Amino acid sequence: DIQLTQSPASLSASVGDRVTITCRASQNIRNYVNWYQQKPGKAPQFLMYAASRLHSGVPSRFSGSGSGTDFTLTISSLQPEDFATYFCQQSYNTPWTFGQGTKVEIK
Amino acid sequence: QEQLVQSGAEVKKPGASVKVSCKASGYTFTSNDIIWVRQATGQGLEWMGWMSPGSGDSGHARKFQGRLTMTRNTAISTAYMELNSLTSDDTAVYYCARGVTNFNWLDPWGQGTQVTVSA
């Protein structure tokens, strides 16, 4: 199975900060990475596919990059509604594994 | 809009089975795979398997071999996930989600179904 390792596991940041989350795959997965946001007690919500393509309606402060084994999700200016947990997911091979999540907390 | 609505919370004893339903609306049910994902409290997301509502074909993670059955009723646009031989390790929120295109992103997700396994 393909392993996805996210870092950091958690971070504290302030409104307006730039935040970067990393997702590393155990093998080459081209650009088959999707990103999700999850708030407490809620189902995950889809943010981005193919490593860098924003889902319709997702604010442009979110961006993604990467190919192969290393991927990043960046929030250019953190907003109050962005405090949540973020997961990467690979869809290159089944089982479609997820990273363990990165919790973005208020500093 | 596209929506998945799941059945309600379940409490089961060890060794029992649970069946969770996932009703689709707002899109053609047979056009996209349904994916099942679970999340234990405070933990990450675990992909369980997929099912094609159009063909009935399915696949699942190795750890669920022999315990997981995914079915559907196309007449009512509903997918089902049944997990057998439950243990306390199966206590989790179970989600269904629609798989979309070649990149198989998951959108939308159902609201989740809490399954608690307790003696």
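Predicted, not measured: the structure shown is a model, and the values here were computed from it. Lettering of chains follows the sequences in order, A, B, ..., and the numbering in each one begins at 1. The figures that follow rest on heavy atoms only: side chains count, while hydrogens, waters and symmetry mates do not.
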Sort A:Y32 into side chain, backbone, both or neither according to what part of it lies under 4.5 angstrom from a heavy atom of chain B. both
Starting from the C-alpha separation in whole Å, work towards a yes-or-no answer on side chain to side chain contact (heavy atoms under 4.5 Å, CB included) for A:W96 and B:I35. CA-CA 10 Å; A:W96 299 338; B:I35 313 303; 3.5 Å; yes
Evaluate whether atom NZ of A:K103 has more than 12 neighbouring non-hydrogen atoms of other residues, nucleotides or ligands under 6.0 angstrom away. no
Which atoms of B:V93 come close to chain A, meaning under 4.5 Å heavy atom to heavy atom: side chain ones, backbone ones, both, or neither? neither
Heavy-atom side-chain proximity of A:D1 to B:R62 below 4.5 angstrom: yes
Which answer fits B:F103, side chain, backbone, both or neither, if we ask what part of it has an atom under 4.5 Å from a heavy atom of chain A? both
Please round to the nearest 0.5 Å and tell me the distance separating atom CH2 of B:W47 and atom CD of A:Q89. 10.0 Å
Which atoms of A:Q38 approach chain B - backbone, side chain, both or neither, heavy atom under 4.5 Å: side chain
Between atom OH of A:Y49 and atom CG of B:L106, what is the distance when rounded to the nearest 0.5 Å? 14.5 Å
Looking at CZ of A:F98 and CD of B:Q39, how far apart are the two atoms once the value is rounded to the nearest 0.5 Å? 9.5 Å
Sort A:K42 into side chain, backbone, both or neither according to what part of it lies under 4.5 angstrom from a heavy atom of chain B. backbone
One option among A:G99, A:P40, A:A50 has the most heavy-atom pairs under 4.5 Å with chain B, and it is A:A50
Kindly compute the distance separating CD (B:E46) from OG1 (A:T97), expressed to the nearest 0.5 Å. 11.0 Å
Considering only heavy atoms and a distance below 4.5 Å, find which of A:W35, A:F46, A:F87 pairs most often with chain B. A:F46
Near-ring test B:W105/A:Y36, centroid separation under 6.0 angstrom: no
Please determine whether the number of non-hydrogen atoms from other residues, nucleotides or ligands lying under 6.0 Å from atom CZ of B:R67 exceeds 12. yes
